[in-house]
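What follows is a single structure, written as structure tokens, with notes after it.
What you see is a predicted model, and the numbers here were worked out from it, not measured in a lab. Protein chains get the first letters and strands the later ones, always in sequence-line order, with residue 1 at the start of each.
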Amino acid sequence: MSAPLPTPPSSGDDYLARLNPEQREAVETLDGPVLILAGAGTGKTRVLTTRFAHLLKTGRAWPGQVLAVTFTNKAAREMRERVSAILGQPAEGLWLGTFHSLCARMLRRHAELVGLTSAFTILDTDDQMRLLKQVMDAAGIDLKRWPAPGLMAQIQRWKDRGLTAERVTPAEDTDYAGGRARALYAAYQSRLRDLNCCDFGDLMLHMTEVFRGHPEVLADWNRRLRYILVDEYQDTNLVQYYWLRLLAQSHRNICCVGDDDQSIYSWRGAEIENILRFEKDFPNAKVVRLEANYRSTKPILAAAAHLIAHNAGRLGKTLRAGRKDAEGDKVRVVSLWDSEEEARMVGERIESARRNGHKLAEIAILVRAGFQTRAFEERLIVLGLPYRVVGGLKFYERAEIRDAMAYLRILAQPADDLAFERIVNTPKRGLGETAMRRMHELARAEGIPLVLAAERLVPSLTAKPRQALGALLQGIGRWREGLAKEGHVVVAATLLDESGYTDMWKADKSPEAPGRLENLKELIRALGEFESLAGFLEHVALVMENDENSEGDRLSLMTLHAAKGLEFDTVFLPGWEEGLFPHSRAMEEGGDKGVEEERRLAYVGITRARRHAIISTAANRRIYGNWSASIPSRFLDELPPDQIQREGSASMARARVAEMPSVFTGPSGLMARKPRVIEAGAWEAPVRPPPANPFKVGERVFHKKFGYGVVTAVDDNRVDVDFEKSDPKRVMDSFLERP
DNA sequence: GCGTAATAGATTTTT
DNA sequence: TCTATTACGC
């Protein structure tokens, strides 16, 4: 997210001179409430970081007196780096971070006020769900009839709105398990407290509860934090809003940056109303609009503006082109026959762009839903174009990392039942349902942690589990002692070996197993960067990211949501069809509001592009294995006709198909099966130079996506492989490794 | 207690 | 079409 102003980096005092007048106003209005409406590509991050540095440079505040909040770790990191760059020295002692990490930091100081100790554990979503299921089970809820994820979502929405179980009104609690959701929520919270655990939502909720119930604590923070900066204000939910208001209430020096047109997270509890209401919430607020866009060409800006103008209730901004070379190609709208042709079209254009010297890292394919990436991945593999999928499973969400973390957690907190439950039979120790049930019953009856219950249970087990469980419990004691003697890194490594956990993956023959062992090594390496185990556990829960596959020149594949805040020279926007984009679920659940949010998502997508935007729509798409006909997205009709260039093979292909009566069974709108289209030669890949191929027929090879297989044929740098776990495929040699 | 077969259900997911 | 969870047989 950089605003490419034509000024060299500098650490001098000229940082203000590098701003345009509106940016400068946003930076220099230091006192009182300020709302900065920052359109896409208008230098939002530059303004925020410069304002931060300006506060420090002018002596208005010490580093510890400014609170700067972001949503993502990435944004927080970037802000820290850029503030340091302006200051000319590393920025230390800042209250800068994500909402959640800042709240965690505060909550560690006040944990006892909400019934926790400062060593509380932050649960991941998996643990949250398991805990809730246990609570529901104990309450005698039929989990078939009332699935736990539904209640989890409800509890999270309540937490997003700052509602503790006590604050939820009975009127709101009618449609789940016959009005028992509130009671279950309360029971869930009570279990969390017993286990000294927090879920993500609790971090925010507990802190606002501390502020509400303890004015002296709030007054202390009010004195301490004199200036507040908030990024992406349009994405804040109610509890975040309360938290900010409480923190800002005495000095009112709060500066929020955001763009109502980029609010795309209502389904996660974000309230666009927060930004729309800012001037009412903070009387005499200064509103600054940043409208000079330094990112995109005029046609791209025109397309985005024309589209978003179809939304009602906007604060209203008009982006104007700020860069000198803002002339450019029209936005392309390509109509295609089906999703396969769409993938071929995108692949072909990327190849051609690469031949013309474009960097792959400057190209992105932005899709509405995760499953859409697959078709493109397969095509890119065939073409040998390196790519990375952004998003997906986070490092700490992987099973092996969560298992390893559970082993470490049980050392740090013996009462962490969820952690113990996770590892007690991983790897398999011969414990079954009955043994687990007895363990839980004993723990509940005696009011003791599961580990203690397990210890008492050992003698009464049959030989095999008795020995295995006994060894685990002894191990836990030994490893915990080792923490002080040998340090957490050594303990972690020996623990994974002695518990049999690494052996479990070494014995596993699935294609993912080697990668999992690698991830475990990475975990140990990362552990070495931390002083203590506790510090590491918090880091993994809140901050740890997955940045593999980021090296080299690769194009990016991601959802539109994941693309917010990023920019690329060339952006492909496939799948603009009714039902997919706008998504039918968004329309069903949100009605007109839902469509408006989808439109904002489209706006976000288009404004990611600096120079080229290629939108496409397919007449037929395979969804869950079935081919179904679709009609072009309404958003296509909302683009300015004079700024877009329509292209397409859809009509041509349709004519050709019409000549095939055996498969073509009627009007296209009613077709159930996908008709075969005669291959269009234009999409065929061009000839490439023939490098010597190192792979031989019959050789065993490994592919990151398809696993192990045997080479059956070699043609230039393309290799036919018969995969063990997948159909035979032709792949590029650069994707293959020797096992 | 564990491995395999049937079966339902499949947006978006900053922390 | 694929995946994740659940129901059975050994």
Kindly say whether A:V604 contributes a backbone atom to a donor-acceptor pair with the side chain of A:R608 at under 3.5 angstrom? yes
When the C1' atoms of B:dT14 and C:dT3 are compared, how many Å lie between them, rounded to an integer? 26 Å
Is the CG atom of A:D142 crowded by more than 12 outside heavy atoms at less than 6.0 Å? yes
Using whole Å, report how far NZ of A:K428 lies from C1' of B:dC2. 8 Å
Just wondering, do A:P582 and A:F635 contact through their side chains at under 4.5 Å, heavy atoms? yes
What pairs of donor and acceptor atoms, side-chain ones from residues 267-274 of chain A against any protein atom, are under 3.5 angstrom apart with sequence neighbours left out?
from	atom 1	to	atom 2	distance (Å)
A:W267	NE1	A:I264	O	3.1
A:W267	NE1	A:H561	NE2	3.4
A:N274	OD1	A:R277	NH2	3.3
A:N274	ND2	A:T236	O	3.1
A:N274	ND2	A:T236	OG1	3.1
A:N274	ND2	A:N237	O	3.4

Return yes if a side-chain donor-acceptor contact under 3.5 Å exists between A:S633 and A:E577, otherwise no. no
Between atom CG in A:L560 and atom P in B:dT12, what is the gap in whole Å? 11 Å
Just label B:dT12 as syn or anti from its O4'-C1'-N9-C4 or O4'-C1'-N1-C2 angle, using within 90° of 0 for syn. anti
For A:N237 and B:dT15, is the shortest distance between a side-chain N/O and OP1 or OP2 below 4.0 Å? no
Fit a plane to each ring of A:W158 and A:Y185, take the angle between them on a 0 to 90° scale, and name the class: parallel (under 30°), tilted (30 to 60°) or perpendicular (over 60°). parallel
Is the shortest heavy-atom distance from the side chain of A:V230 to the side chain of A:I228 under 4.5 Å? yes
Under the ring-ring contact (aromatic ring centres under 6.0 Å, His included) test, which residues partner A:F536, sequence neighbours left out? A:F530
Can you tell me how far P of B:dT13 sits from CE of A:M558, to the nearest Å? 11 Å
Minimum heavy-atom separation for A:D508 to A:A513, with atom names? O-CB, 3.5 Å
Could you list the residues that satisfy ring-ring contact (aromatic ring centres under 6.0 Å, His included) with A:Y233, not counting sequence neighbours? A:F278
Just to confirm, is there a sub-4.0 Å distance from OP1 or OP2 of B:dT13 to any side-chain nitrogen or oxygen of A:T559? yes
Could you check A:D235 against A:K564 for salt bridge (charged side-chain N to carboxylate O under 4.0 Å, His left out), going step by step and ending with a plain yes or no? CA-CA 12 Å; A:D235 287 335; A:K564 199 177 75 164; 2.3 Å; yes
Take A:H100 and A:R429, find for each the nucleotide of DNA chain B with the closest heavy atom, and name the residue whose nucleotide sits nearer the 5' end. A:R429
Quick test: give all pairs of protein nitrogen or oxygen and nucleotides 5-11 of chain B nitrogen or oxygen below 3.5 Å, distance rounded to 0.1 Å.
from	atom 1	to	atom 2	distance (Å)
B:dT11	OP2	A:Y624	OH	2.9
B:dT11	O4'	A:H583	NE2	3.4

Over how many whole Å does the gap from A:H561 atom NE2 to B:dT15 atom C1' extend? 15 Å
Send over the distance from A:R466 CZ to B:dG1 C1', rounded to a whole Å. 17 Å
Just checking A:T70: base, sugar-phosphate only, or nothing, at a heavy-atom cut-off of under 4.0 Å? nothing
Answer yes or no: is there a donor N or O on one side and an acceptor on the other, between the side chain of A:R108 and the main chain of A:S118, under 3.5 Å? yes
Does anyone know the first and last nucleotide of DNA chain C in reach of chain A, 5' to 3', at under 4.0 angstrom to a heavy atom? C:dT1 to C:dA7
Take the protein atom CZ of A:R157 and the nucleotide atom C1' of B:dT15, then report the distance between them rounded to whole Å. 13 Å
Looking for any heavy atom pair under 4.0 Å, which part of the strands does A:Y265 touch: base, sugar-phosphate only, or nothing? base
Nearest whole Å is fine: how far is B:dT14 P from A:L102 CG? 18 Å
Does a side-chain N or O from A:N73 land closer than 4.0 Å to OP1 or OP2 of B:dT14, or not? no
If you define the side chain from C-beta out and look only at heavy atoms, does anything of A:R77 sit under 4.5 Å from A:T72? no
Can you tell me, in whole Å, how much space there is between the C1' of B:dT12 and that of C:dT5? 23 Å
Residues in residues 122-135 of chain A with a heavy atom under 4.0 Å of DNA chain B, by number, are none
Residue whose nearest DNA chain B nucleotide is more 5′ - A:A270 or A:G432: A:G432
note: A:H206, atom NE2; B:dT15, atom C1'; distance rounded to Å ~ 15 Å
